[in-house]
Amino acid sequence: MRIPLLAGNWKMHKTGEEAAAYVRDFLPRVNGLAGIEIALCPPFTALGIVGEAVRGSAVALGAQDVFWEESGAFTGEVSPGMLVAAGCRYVIIGHSERRQYFGETDEMVNRKVLAALSRALRPIVCVGESLAERERGETEAVVARQVRAAFRQVAPEAAGEMVIAYEPIWAIGTGRNATGAEANRVIGLIRQEVAKLYPEHTGVPDRLRIQYGGSVKAENIAEFMSQPEIDGALVGGASLDPAGFATLCRVSAEAAGRRGS
Ligand code: 13P
């Protein structure tokens with residue numbers, strides 16, 4: 001059975017001090033929640049402090065990006081080994097904001113995925129269509145292309161450890177979430193696409209966790225968690241408040257309990 005992952009993508013929010021205060025508040029609120037996994041993805045400058053604060057707890061640490069080289073003259077970049085040393089288990093790769101504002105291509109996403117996996121970091125690969133693509137009826141083609149590119153040269157053993165976040169761009173930060181049924185349908189197609197990439201390894205699509213992301217909040221998470229294909233959420237704005245995100249996690253754990261029973 002796949003354990004749903006609730007990951008908070010803080011984006012460019014919170015200093016180290018603010019992050020430490022968040023974790024002090026958050027951890028006791030989610031202590032003992034069963035049936036889900038929780039990850040916090042702060043900015044690079046707060047990774048160390050959050051990594052220290054969550055050590056020994058059930059909450060995992062994730063980064064928001066990574067470079068594909070291990071070291072060298074790459075001003076401004078951070079390597080997979082550096083993220084591992086900071087305590088990261090996950091790394092978000094190919095978020096639509098990186099694709100849109102920083103020119104990340106499918107090929108760059110794939111290089112980052114391979115580099116992360118080489119250090120046993122688990123990629124959370126973001127895919128999703130824009131509003132224009134959706135209106136042109138291209139959702140399935142766009143998402144399938146992004147998935148195929150991200151998994152290029154990924155060995156089957158590693159592929160099952162990956163996480164995909166289906167984040168339709170029109171739903172990010174807009175308050176306009178996809179419906180549970182819509183997200184479930186696209187996520188089902190993503191799983192089929194991955195299955196086609198690993199025809200000899202049926203365990204890969206079975207193990208692969210696929211999240212929904214885009215205007216997820218405590219009030220709508222149950223709708224996503226009740227869908228059979230959706231394995232948790234990548235949460236932006238609603239992860240910034242510790243009490244609010246803890247509520248979202250608690251609702252998710254309750255929904256996961258209903259799924260499992
Ligand atoms: P919001 O939850 O703020 O819509 O952001 C979603 C997102 O981009 C998470 O990576």
Side-chain angles (χ1 to χ4, degrees), residues 4-14 18-19 22 26 36-44 46-47 50 59-66 83 88-102 104 109 112-113 116 121-131 133-134 139 142-143 146-147 150 162-180 182-184 186-187 190 209-225 227 230-249 251-252:
L5 173 64
L6 282 301
N9 174 11
W10 291 358
K11 308 192 178 181
M12 198 170 72
H13 294 283
K14 297 191 193 295
E18 290 163 349
Y22 179 109
F26 182 68
I36 57 164
E37 191 182 358
I38 301 171
L40 297 176
C41 306
F44 286 139
L47 281 177
V50 174
V59 173
L61 182 69
Q64 298 176 16
D65 187 25
V66 66
L83 297 184
C88 289
R89 178 177 173 81
Y90 292 100
V91 57
I92 297 170
I93 296 178
H95 192 282
S96 62
E97 287 149 16
R98 295 219 56 87
R99 295 181 192 252
Q100 191 176 342
Y101 304 131
F102 303 100
E104 279 196 15
V109 169
K112 292 182 174 194
V113 164
L121 272 172
R122 294 171 181 224
I124 300 176
V125 177
C126 300
V127 301
E129 80 287 3
S130 68
L131 184 60
E133 288 163 341
R134 174 182 159 87
T139 298
V142 167
V143 167
Q146 291 173 330
V147 167
M162 303 231 313
V163 179
I164 296 179
Y166 169 56
E167 300 205 308
I169 297 170
W170 47 270
I172 295 179
T174 57
R176 190 183 153 203
N177 57 282
T179 64
E182 241 176 338
N184 191 67
V186 178
I187 288 175
I190 292 174
R209 290 180 293 177
I210 312 181
Q211 305 169 297
Y212 168 74
S215 297
V216 173
K217 45 190 189 213
E219 294 74 27
N220 61 20
I221 185 66
E223 178 183 350
F224 298 108
M225 288 292 297
Q227 302 289 334
I230 304 182
D231 306 312
L234 185 56
V235 184
S239 73
L240 291 174
D241 169 59
F245 191 46
T247 301
L248 191 155
C249 291
V251 174
S252 302

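One-based numbering, in listed order, for ligands and for the atoms of each.
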Non-hydrogen atoms of Phe44 and Ala63 that approach each other most closely: CE2-CB, 4.2 Å

Looking only at protein heavy atoms, which one is nearest to atom 5 (O) of ligand 1, and how far off is it? Lys11 NZ, 3.3 Å

Subset of ligand 1 atoms that lie under 4.0 Å from at least one heavy atom of Asn9: 9 (C), 10 (O)

Ile221 vs Val235, side chain to side chain contact (heavy atoms under 4.5 Å, CB included): CA-CA, chis, key distance, verdict: CA-CA 10 Å; Ile221 185 66; Val235 184; 5.7 Å; no

Does any N or O in the side chain of Ser130 come within less than 3.5 Å of the main-chain N or O of Ile169, such that one atom is a donor and the other an acceptor? no

Can you find an N/O atom of Gly173 closer than 3.5 Å to an N/O atom of ligand 1? yes

For Leu234, the ligand 1 atoms whose distance to one of its heavy atoms is below 4.0 Å: 9 (C), 10 (O)

Can you name the atoms of ligand 1, numbered from 1 with element, that are less than 4.0 Å from a heavy atom of Glu167? 6 (C), 7 (C), 8 (O), 9 (C), 10 (O)

Could you tell me the residue and atom name of the protein heavy atom closest to atom 3 (O) of ligand 1, and the distance to it rounded to 0.1 Å? Gly237 N, 2.8 Å

Would you mind reporting whether Met12 and Pro43 have side-chain heavy atoms less than 4.5 Å apart? no

Against heavy atoms of Ile172, which atoms of ligand 1 measure under 4.0 Å? 4 (O), 5 (O), 6 (C), 8 (O)

Where is the tightest heavy-atom contact between Ile36 and Cys249, given as atom of each residue plus distance? CD1-O, 3.4 Å

The side chain to side chain donor-acceptor pair (under 3.5 Å) partner of His95 among Gln100, Glu167, Gln64 is Glu167

May I ask you to check if ligand 1 and His95 share an N or O to N or O distance below 3.5 Å? yes

Measure the distances from the heavy atoms of Ser215 to every atom of ligand 1 and state whether one is below 4.0 angstrom. yes

When distances are taken from atom 2 (O) of ligand 1, the protein heavy atom at minimum range is Gly236 N, 2.9 Å

Applying the side chain to side chain donor-acceptor pair (under 3.5 Å) test to Tyr166, which of Glu129, Gln146, Gln211 qualifies? Glu129

